[in-house]
Amino acid sequence: MGSPSEPKHSRRKKGIGRFLAILGPGLITGAADDDPSGIATCSMAGAQQGTALLWTALITWPLMGCVQMMCARIGMVTGRGLAGTLRMKFPIWLIAIASFALFIANTINIGADLAGMADSVQMFTGLGSHWFVPVLAVSITMAAICFRYKRIEKILKWLALSLLAYIITGIICRPPWAKILWQTIVPTWPSNHEAWATLVALLGTTISPYLFYWQTSQEVEEKKAKGQKKLAARRDASREEVGRRRLDVAIGTFASQLVTYFIILTTAITLHAGGATKVETSRQAAEALRPFAGAFAAQLFAAGVIGTGLLAIPTMAGSAAYAFAETFAWRQGLDERLPRAPAFYAVFIASMIMAMSVDLFHVSPIQALYWSAVINGLLAPLLLLGILLVACDRVIMRDQCSSGISRIVVALATLLMFGAAIGMFIF
């Protein structure tokens, strides 16, 4: 608290500074959920189903929030990443399979995201999008290698502001708020095969495996950045630390689902209302907006794709690198120099190189995302089950287990993800 003589604006500035200091891994992880391929999924949901699925953003926020907070607590209490913690309870071969599946799914997703970003850059420059894929991939990789963790964290926090593009776009489109709010609060149950498939896709793009690994590992990185290099020094978390991270995660996941809401809303009241229901990529969504909402809205939408891609791609490649490093006990971390953690960075670089080949060999982004969704859809519920079992283990969690409410919500999310996995093959 400031002294009575301290000016109000000074106290206000300090209060804002303290609040911004709290934001970190939770905000970044939540914002990274809205990657270009996720934007494409939400755009398809709005274009095809209109406002019928707006209510999903309300449901998925607490589910996503509890899952990410459980992952955060695991990292804060154990001082290990997710794969390293799971190794304490499950055989290494099982963790290795999960890490490999994550690597494949993330690489495919990165390839689709790079293509989406390059398409958006083409909208602004008029140059061929294929030229920008390697430029973007190399730039992101070099930044991850050359910058240390705290600088990367700061860059990613600023990139989270790119999410505002979708909120502003939605407001520009002037939705009929009375009708929209009613459809948000009162769920419309899917009535056909296409609606069910879209619901499954929305759930899958919200609760993604790479977010689990990234959130947990960033808690470890935060402690390393404070000088707690050794495992013994990183264990345990105070009530105050947990409280700060809970706020951070709540804000990050809320921002993620608010953006999901506005993307569905924007495409519903423009594209769906205008009969433009065939949207398969984020670029198509941006271009389709032009005749309905104007050039500025279309350009803002495309700019958001570039910003969210720069935020999400490092988290995907990084989460795979963390997963392998924790599984095989390699030296790891974005705070390490390349010569000190060669295997960790080799996984990051390999993921980016293979992702570029998705565009080089003209693989359909929709086909790529389909297989990425299949792998993630099968991996997510199994990982959630493992996370839940670890979070309930008093020995591993050093008597700092997640609350009963959190465990119930994550158990519900696990059941829904198992249902979504089954739904991929039925619907």
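We use all heavy atoms of the structure for the numbers below, so side chains are in, but hydrogens, waters and symmetry mates are not.
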Checklist entry - Could you go step by step and tell me if Leu202 and Ile264 meet the side-chain contact (heavy atoms from CB on, under 4.5 Å) rule? => result CA-CA 10 Å; Leu202 284 174; Ile264 297 173; 4.2 Å; yes

Next on the checklist: The test is side-chain hydrogen bond (donor to acceptor under 3.5 Å, both in side chains); show your working for Thr184 and Trp55 and say whether it passes.
Outcome noted: CA-CA 4 Å; Thr184 300; Trp55 58 272; over 6 Å; no

Item to check | Candidate pair Phe254 and Trp61, rule ring-ring contact (aromatic ring centres under 6.0 Å, His included), full reasoning | outcome: CA-CA 6 Å; Phe254 175 77; Trp61 176 36; 5.0 Å; yes

Item to check | Stepwise side-chain contact (heavy atoms from CB on, under 4.5 Å) test for Leu159 and Leu156 | outcome: CA-CA 5 Å; Leu159 283 171; Leu156 294 180; 4.2 Å; yes

Checklist entry - What's the verdict on side-chain contact (heavy atoms from CB on, under 4.5 Å) for Asp119 and Gln122, showing C-alpha distance, side-chain angles and the deciding distance? => result CA-CA 5 Å; Asp119 282 343; Gln122 183 181 17; 4.1 Å; yes

Item to check | Step-by-step side-chain hydrogen bond (donor to acceptor under 3.5 Å, both in side chains) determination, Gln332 to Glu336 | outcome: CA-CA 7 Å; Gln332 57 165 298; Glu336 297 285 356; over 6 Å; no

Checklist entry - Is there a side-chain contact (heavy atoms from CB on, under 4.5 Å) between Phe212 and Ile207 once you walk through the steps? => result CA-CA 9 Å; Phe212 310 160; Ile207 305 177; 3.6 Å; yes

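Side-chain contact between Ile74 and Ile396: absent, with no pair of heavy atoms (C-beta onward) separated by less than 4.5 Å. Side chains of Cys71 and Ile387 form a contact here, defined as non-hydrogen atoms less than 4.5 Å apart. At least one side-chain heavy atom of Ile39 sits under 4.5 Å from a side-chain heavy atom of Phe301. With a 4.5 Å cut-off on side-chain heavy atoms, Gln400 and Arg239 do not count as touching. Between Glu241 and Arg244, some side-chain heavy-atom pair lies under the 4.5 Å cut-off. By the 4.5 Å heavy-atom criterion applied to side chains, Phe344 and Leu338 are not counted as neighbours. The side-chain heavy atoms of Leu382 and Leu378, taken from C-beta on, include no pair separated by under 4.5 Å. Taking the side chain as every heavy atom from C-beta outward, Thr78 and Val220 never approach each other to under 4.5 Å.
Side chains of Ser99 and Thr327: a donor on one and an acceptor on the other come within 3.5 Å. Side-chain polar atoms of Tyr322 and Glu221 form a donor-acceptor pair below 3.5 angstrom. Between the side chains of Glu222 and Gln218, no donor-acceptor pair of N or O atoms lies under 3.5 Å. Between the side chains of Thr51 and Gln183, at least one donor N or O lies within less than 3.5 Å of an accepting N or O. Side chains of Ser319 and Asn106: a donor on one and an acceptor on the other come within 3.5 Å.
Using cut-offs of 30° and 60° on the angle between ring planes, the pair Phe103 and Phe324 is perpendicular.
For the pair Arg407 (side chain) and Cys392 (backbone), a donor-acceptor distance under 3.5 Å is absent. When atom types are taken as modelled, the side chain of Thr29 and the backbone of Gly26 share no donor-acceptor pair closer than 3.5 angstrom. Arg80 places no side-chain N or O within 3.5 Å of a backbone atom of Val77 that could act as its donor or acceptor partner. Of the possible polar contacts, none joining the Ser208 side chain to the Tyr210 backbone as a donor-acceptor pair under 3.5 Å is found. Between the side chain of Thr266 and the backbone N or O of Ile263, no donor-acceptor pair lies under 3.5 Å. In terms of modelled atom types and a separation under 3.5 Å, the side chain of Asp335 and the main chain of Tyr149 share a donor-acceptor contact. A donor-acceptor pair is defined here as one N or O able to donate and one able to accept, closer than 3.5 Å; no such pair exists between the side chain of Gln68 and the backbone of Gly30. A donor-acceptor contact shorter than 3.5 Å is absent between the side chain of Gln228 and the backbone of Arg234. The backbone N or O of Val305 sits less than 3.5 Å from a side-chain atom of Tyr166, completing a donor-acceptor pair. Asp248 places a side-chain N or O within donor-acceptor distance of the main-chain N or O of Gly24, the cut-off being under 3.5 Å.
Leu86 contributes atom CG, which lies 8.5 Å from atom OG1 of Thr216 (distance to the nearest 0.5 angstrom). Within the model, atoms NZ of Lys154 and CZ of Arg148 stand 15.0 Å from one another, a figure rounded to the nearest 0.5 Å. The CD1 atom of Ile306 sits 14.0 Å away from atom CG of Leu311, with the distance rounded to the nearest 0.5 Å. Of the inter-residue distances, the one linking Leu310 atom CG with Leu136 atom CG reads 6.5 Å to the nearest 0.5 angstrom. Taking CG of Asp33 as the reference point, atom CD1 of Ile28 lies at 14.0 Å (rounded to 0.5 Å). To the nearest 0.5 Å, atoms CG (Leu82) and CD1 (Ile95) are separated by 8.0 Å.
Contact record, Ala137 with Thr141: O-OG1, 2.8 Å, taken as the closest heavy-atom pair. Residue Trp214 comes nearest to Gly318 through the heavy atom pair CZ3-CA, 4.0 Å, listed as atom of the first residue, atom of the second, then distance. Shown here for Thr60 and Gln257, the closest heavy-atom pair between the two residues is OG1-OE1, 2.6 Å. What you find for Thr205 and Gly38 is that their closest heavy atoms are OG1-CA, 3.5 Å. Scanning all heavy atoms of the two residues, the minimum distance from Thr308 to Pro36 falls at OG1-CD, 4.0 Å. For the residue pair Pro62 and Val409, the shortest heavy atom distance occurs at O-CG1, 3.8 Å.
Taking a 6.0 Å sphere around CZ of Phe124, one finds it holds more than 12 heavy atoms contributed by other residues, nucleotides or ligands. For Met397, the CE atom sits in a packed shell: over 12 heavy atoms of surrounding residues, nucleotides or ligands are nearer than 6.0 Å. Applying the 6.0 Å contact sphere to NZ of Lys229 captures more than 12 heavy atoms from other residues, nucleotides or ligands.
Between Glu219 and Arg73 no salt bridge is recorded (no basic side-chain N to carboxylate O distance below 4.0 Å).
For residues 387-398, every residue pair satisfying the side-chain hydrogen bond (donor to acceptor under 3.5 Å, both in side chains) rule, not counting sequence neighbours, is listed here: Lys89-Asp393, Asp236-Arg398. Sorted pairs that involve residues 297-306 and meet side-chain hydrogen bond (donor to acceptor under 3.5 Å, both in side chains), not counting sequence neighbours, are lacking altogether.
Evaluation of the side-chain contact (heavy atoms from CB on, under 4.5 Å) rule for Ser403 yields Ile405, Ser406 as partners, not counting sequence neighbours.
When each of Lys150, Lys157, Arg151 is checked for a salt bridge (charged side-chain N to carboxylate O under 4.0 Å, His left out) with Glu153, only Lys150 meets the rule.
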